[in-house]
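Reckoned from all heavy atoms, side chains included, excluding hydrogens, waters and symmetry mates. We count ligands from 1, going down the list as the structure has it; atoms in each ligand are counted the same way.
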Amino acid sequence: MKIPFSLPVIDQDVIDEMNDTLINTGWLTSGPKVIALEKEIQKLTDTDTVICVNSWTSGAMLTLRWFGVGAGDEVIIPSYTYSATALAVLNMGATPVMVDVKDDFTIDPENIKKAITEKTKAIFPVDMAGWPCDYDSIMELVSSDEVKAKFNVQGKQQEKLNRILVMADAAHSIGAHSYGKPVGRLADITVFSLHSVKNITTGEGGAICLNLPESFDHTEEYTYLKALSLNGQNKSAFEKNQPGAWKYDIIDQGLKVNLPDICASVGLAQIKKYKSELLPERKSIFQYYDRFFKEKNWALLPPSINESKESSYHLYLLRISGISETQRDEMIHYISTNGVGVNVHYIPMPMLTLFKNLGYQIADYPNTYKLYANEISLPVYNNLSEVELKMVCAMVEEAYNKVVAK
Ligand SMILES: *Cc1c(COP(=O)(O)O)cnc(C)c1O
């Protein structure tokens with residue numbers, strides 16, 4: 001038996017929705033299916049404005065362009081995340097300022113506070129594994145007089161917000177909630193990833209969800225961000241294709257990051273049953289692992305639910321108490337050669353060549369290294385059977401016995 005680490009949901013509903021797009025609508029790029037997917041994400045997040053794009057990375061870049069962030073500006077991010085969080089910032093010419101995380105893998109608001117300077121324009125908290133960050137503390141911090149006094153206003157969006165922008169990296173956390181609010185309503189802007197390995201996927205894709213203060217008109221920002229996602233063009237090809245609607249304008253310098261309908265179809269079929277079926281299935285996988293590993297005194301369980309927060313059950317970040325990075329690597333080697341796909345989320349950015357060359361050093365992020373060194377991510381996806389879950393658990397235990405307790 002071979003168990004892959006990750007598998008997307010491709011079922012009859014997905015095939016039917018895709019067939020409908022190909023056969024009935026005759027339209028491949030951004031059109032009615034994207035609009036329908038945006039509406040579904042609005043419902044799920046209890047928000048009124050969602051703009052689909054072709055990846056999380058491009059959604060984050062578009063948000064920075066929209067907020068007027070570029071050379072000379074700083075964006076605070078956690079040191080423990082996938083590199084895209086930093087690359088979106090670097091690609092817009094700004095500087096990612098990394099800060100260390102807490103034991104629940106999320107950015108530490110105390111460290112954010114210390115990292116804020118007059119150049120700080122935005123903060124990208126990352127909901128690691130689907131576990132929402134401490135948004136209440138972060139929003140309180142950026143709204144405090146002391147921090148607002150440092151903010152250097154440049155351009156019309158910064159003028160309207162008049163403080164640091166909080167943009168959630170919710171690549172993992174669609175469907176999670178915190179203190180009664182769904183992810184999407186916890187930060188000013190939330191960007192989801194719809195990449196193949198995420199809870200809902202369009203193959204490649206992303207979605208920007210607005211939750212801005214009243215100084216912004218969401219309808220206006222929707223229209224503007226849509227244009228920005230289409231090279232700054234104020235009409236999509238679909239809109240231009242309507243009789244007599246050929247005239248358009250390029251209103252600003254945008255990016256070309258729109259999501260095609262052909263991709264949106266896949267996510268549309270999935271999201272319709274996400275809350276009722278797909279998410280509860282992921283939760284039951286977490287519960288299976290929790291039941292098994294809580295009996296092992298060498299296992300450290302990841303956070304997934306408490307009185308105030310519930311995860312989207314994206315990644316099961318198991319940690320093995322007291323082992324070294326080498327022992328962890330040996331355990332992974334044992335588990336993988338025995339047919340179970342496991343992974344590590346993530347190699348901390350300061351350990352990767354690009355970031356080392358830019359001067360980041362892992363020694364500055366001790367908690368990130370501590371969490372990484374003994375972490376093993378277990379498979380979590382829809383249709384993972386009980387027999388397979390049992391085998392994953394057995395393999396991890398066997399690996400522990402062979403490598404550590406030998
Ligand atoms: C997947 C991921 C991204 C990037 O998403 P893309 O849609 O591939 O651009 C960003 N941040 C985190 C934490 C991710 O896991």
Side-chain angles (χ1 to χ4, degrees), residues 5-8 34 37 41 50-65 75-92 96 98-99 101 104-107 122-133 135 166-176 183-184 186-187 189-209 229 255-260 263-264 266-267 270-271 282 302 311-317 343-350 352 354-355 365 368 371-372 375 377 379-381:
F5 177 71
S6 170
L7 272 183
V34 165
L37 180 60
I41 299 174
V50 171
I51 297 104
C52 279
V53 286
N54 61 8
S55 70
W56 179 93
T57 305
S58 52
M61 287 167 62
L62 202 71
T63 301
L64 292 174
R65 169 66 53 86
V75 177
I76 298 174
I77 64 169
S79 44
Y80 204 2
T81 177
Y82 178 57
S83 309
T85 317
L87 285 163
V89 178
L90 286 170
N91 287 339
M92 296 314 282
M98 295 182 197
V99 303
V101 296
D104 70 354
F105 295 92
T106 67
I107 195 164
I123 302 169
F124 290 178
V126 179
D127 298 337
M128 257 305 262
W131 186 242
C133 298
Y135 289 102
V166 179
M167 190 209 85
D169 177 339
H172 299 173
S173 60
I174 194 159
V183 167
L186 303 170
I189 294 183
T190 297
V191 182
F192 296 111
S193 173
L194 304 171
H195 178 272
S196 268
V197 300
K198 311 294 160 121
N199 286 17
I200 295 173
T201 180
T202 55
E204 296 281 355
I208 304 169
C209 186
S229 76
L255 305 172
K256 183 62 170 65
V257 294
N258 56 304
L259 183 71
C263 296
V266 178
Q270 295 173 353
I271 200 170
R282 301 188 82 98
S311 176
S312 63
Y313 304 100
H314 177 57
L315 292 169
Y316 196 91
L317 307 178
N343 223 318
V344 173
H345 292 88
Y346 289 94
I347 303 173
M349 292 180 293
L352 301 170
L354 169 72
F355 299 101
Y365 310 96
T368 293
L371 294 171
Y372 152 77
E375 194 271 332
S377 309
V380 180
Y381 48 88

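Between M167 and P125 the shortest heavy-atom distance is O-CD, 3.4 Å.
The ring pair (Phe, Tyr, Trp, His ring centres under 6.0 Å) search around F192 returns none, not counting sequence neighbours.
Within 4.0 Å of ligand 1, counting heavy atoms only, the contacting residues are S55, W56, T57, T81, Y82, A84, T85, V126, D169, A171, H172, S193, H195, K198, G205, Y346.
Between the side chains of D127 and H172, no donor-acceptor pair is found at a separation under 3.5 Å.
Here Y365 and Y80 keep their ring centres 6.0 angstrom or further from each other.
Environment of OH in Y135: crowded, with over 12 heavy atoms of neighbouring residues, nucleotides or ligands closer than 6.0 Å. The 12-atom threshold is not exceeded at CD1 of I347, counting heavy atoms of other residues, nucleotides or ligands nearer than 6.0 Å.
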